[in-house]
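Heads up, the thing below is written out as structure tokens.
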Amino acid sequence: MKVSASKDRRLLSHTGPAVVFESSADLARRIDDPELPITADSVLVLQGIGPVGNPGMPEAGLILTPRKLASAGVKDMLRLSDGGMSGTAGGTIVLHISPESALPESPFGVVRTGDLITCDGERRILRVEILDEELAARLDERKRQVIESKDPVGRQGRKRGYLGLYERSVNQAQHGPDFDFLAANE
């Protein structure tokens with residue numbers, strides 16, 4: 001979180017209901033829908049654009065304020081993403097969330113619309129306000145779905161070729177989204 005980029009300092013310590021977008025395509029399709037259930041207190045959540053979810057981790061994490069709120073004078077909202085964005089963009093946004101949502105063990109990947117999200121930049125807290133039991137149940141369900149699906153994301157090691165190598169070997173954002181075997185020994 002780049003605190004100095006916040007346009008509304010109250011958002012640096014904020015709790016609000018999540019509005020989840022599963023990908024940049026989902027975000028583009030729904031962000032300006034006049035029927036989108038959203039308020040200035042909502043927390044915009046963009047999943048699926050981390051190193052594995054959107055291979056290469058393009059700088060696609062910019063989440064614009066929905067048109068209906070911007071036209072009502074809202075200048076900033078709390079936004080969360082497992083991707084990155086250009087350093088020239090501004091606003092209250094948490095980026096590079098790890099583990100990214102594409103991984104079955106990711107708590108960020110099981111956040112649902114309506115879940116309360118708390119972000120406290122000063123105390124370095126970011127959490128979804130659900131019971132530990134509910135989080136564990138969601139993660140178990142997600143892992144079960146991955147096992148039953150034909151989707152190779154989350155079943156790393158079963159895909160061949162460059163993309164398989166990439167998915168098995170790419171670091172998460174906090175370590176730099178590069179191949180783990182290229183990292184210097186510490």
Side-chain angles (χ1 to χ4, degrees), residues 1 3 6 8 10-27 29-31 33 35-55 57 60-61 63 66 77-84 91-159 167-175 177 180:
M1 173 184 264
V3 173
S6 178
D8 183 346
R10 73 177 178 85
L11 295 172
L12 297 174
S13 181
H14 179 72
T15 299
V19 176
V20 177
F21 300 94
E22 295 179 357
S23 65
S24 54
D26 182 34
L27 174 71
R29 186 173 44 258
R30 296 190 303 127
I31 192 69
D33 180 348
E35 300 302 315
L36 184 67
I38 196 165
T39 70
D41 288 327
S42 296
V43 177
L44 302 177
V45 175
L46 176 55
Q47 300 170 327
I49 64 167
V52 172
N54 193 352
M57 197 173 165
I63 308 167
M77 298 179 72
L78 180 58
R79 296 159 290 160
L80 311 176
S81 174
D82 53 6
T92 309
I93 186 162
V94 178
L95 298 165
H96 298 183
I97 293 175
S98 297
E100 68 175 291
S101 62
L103 302 181
E105 68 273 11
S106 171
F108 187 62
V110 296
V111 172
R112 297 178 181 163
T113 293
D115 289 344
L116 287 179
I117 304 286
T118 294
C119 179
D120 186 329
E122 184 176 314
R123 294 180 23 218
R124 301 181 65 80
I125 294 170
L126 178 62
R127 70 174 169 254
V128 58
E129 300 291 349
I130 60 175
L131 297 174
D132 290 344
E133 295 81 9
E134 173 66 15
L135 178 59
R138 289 184 190 184
L139 289 169
D140 287 345
E141 174 63 17
R142 185 153 191 243
K143 289 173 188 171
R144 187 189 61 73
Q145 289 172 348
V146 168
I147 290 169
E148 292 175 0
S149 78
K150 302 297 182 204
D151 184 3
V153 172
R155 300 185 327 161
Q156 299 163 352
R158 295 187 182 195
K159 190 182 277 186
E167 287 180 357
R168 287 187 303 276
S169 303
V170 71
N171 289 324
Q172 286 294 285
Q174 78 271 19
H175 300 294
D180 57 5

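Residues take their numbers from the sequence shown, with the count starting at 1.
Considering only heavy atoms from C-beta on, P99 comes within 4.5 Å of P107 through its side chain. For the pair V128/L116, no side-chain contact is recorded, criterion being any heavy-atom separation below 4.5 Å from C-beta on. Contact check for P66 versus L44: side-chain heavy atoms found under the 4.5 Å cut-off. For the pair L80/L46, no side-chain contact is recorded, criterion being any heavy-atom separation below 4.5 Å from C-beta on. In this structure the side chain of V111 reaches within 4.5 angstrom of the side chain of Q47, judged on heavy atoms. Looking at heavy atoms from C-beta onward, S81 lies out of side-chain contact with H96 at the 4.5 angstrom threshold. At least one side-chain heavy atom of Q172 sits under 4.5 Å from a side-chain heavy atom of L103.
For D115, the side chain to side chain donor-acceptor pair (under 3.5 Å) partners at least two apart in sequence or on another chain are R138. Scanning for side-chain contact (heavy atoms from CB on, under 4.5 Å) contacts around P177 gives P51, M57, V170, with sequence neighbours left out.
The distance from atom CZ of R30 to atom CZ of F21, rounded to the nearest 0.5 Å, is 5.0 Å. If you take CG on D82 and CZ on F108, they are separated by 5.0 Å, rounding to the nearest 0.5 Å. Interatomic distance, M1 CE to T92 OG1, rounded to the nearest 0.5 Å: 6.0 Å. Rounding to the nearest 0.5 angstrom, the gap separating the CG atom in D26 from the CD1 atom in I31 is 9.5 Å. Atom SG of C119 sits about 9.5 Å away from atom CD1 of I125, to the nearest 0.5 Å. With rounding to the nearest 0.5 Å, the separation of OG in S42 from CD1 in I117 is 11.0 Å.
By the 6.0 Å contact criterion, CD on Q174 is enclosed, its count of non-hydrogen atoms from other residues, nucleotides or ligands being greater than 12.
For the side-chain contact (heavy atoms from CB on, under 4.5 Å) criterion with L78, the lone passing option out of D8, V43, V45 is V43.
A donor-acceptor pair under 3.5 Å links the side-chain atoms of E100 to the main chain of V52, judged by distance alone. For S101 (side chain) and G48 (main-chain N/O), a donor-acceptor pair under 3.5 Å exists by modelled atom type.
The pair D120-R124 fails the salt-bridge criterion, with no side-chain N (NZ, NE, NH1 or NH2) lying under 4.0 Å from an Asp/Glu carboxylate O. Salt bridge present: R127 and E129 bring a charged side-chain N and a carboxylate O closer than 4.0 Å.
Screening residues 13-24 for side chain to side chain donor-acceptor pair (under 3.5 Å) gives T15-T118 as the qualifying pairs, with residues at least two apart or on separate chains.
Taking every heavy atom of both residues into account, R79 and I63 meet most closely at NH1-O, 2.6 Å.
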Practice prompt. Carefully, step by step, assess M77 and I38 under the rule side chain to side chain contact (heavy atoms under 4.5 Å, CB included).
Written response: CA-CA 11 Å; M77 298 179 72; I38 196 165; 4.0 Å; yes
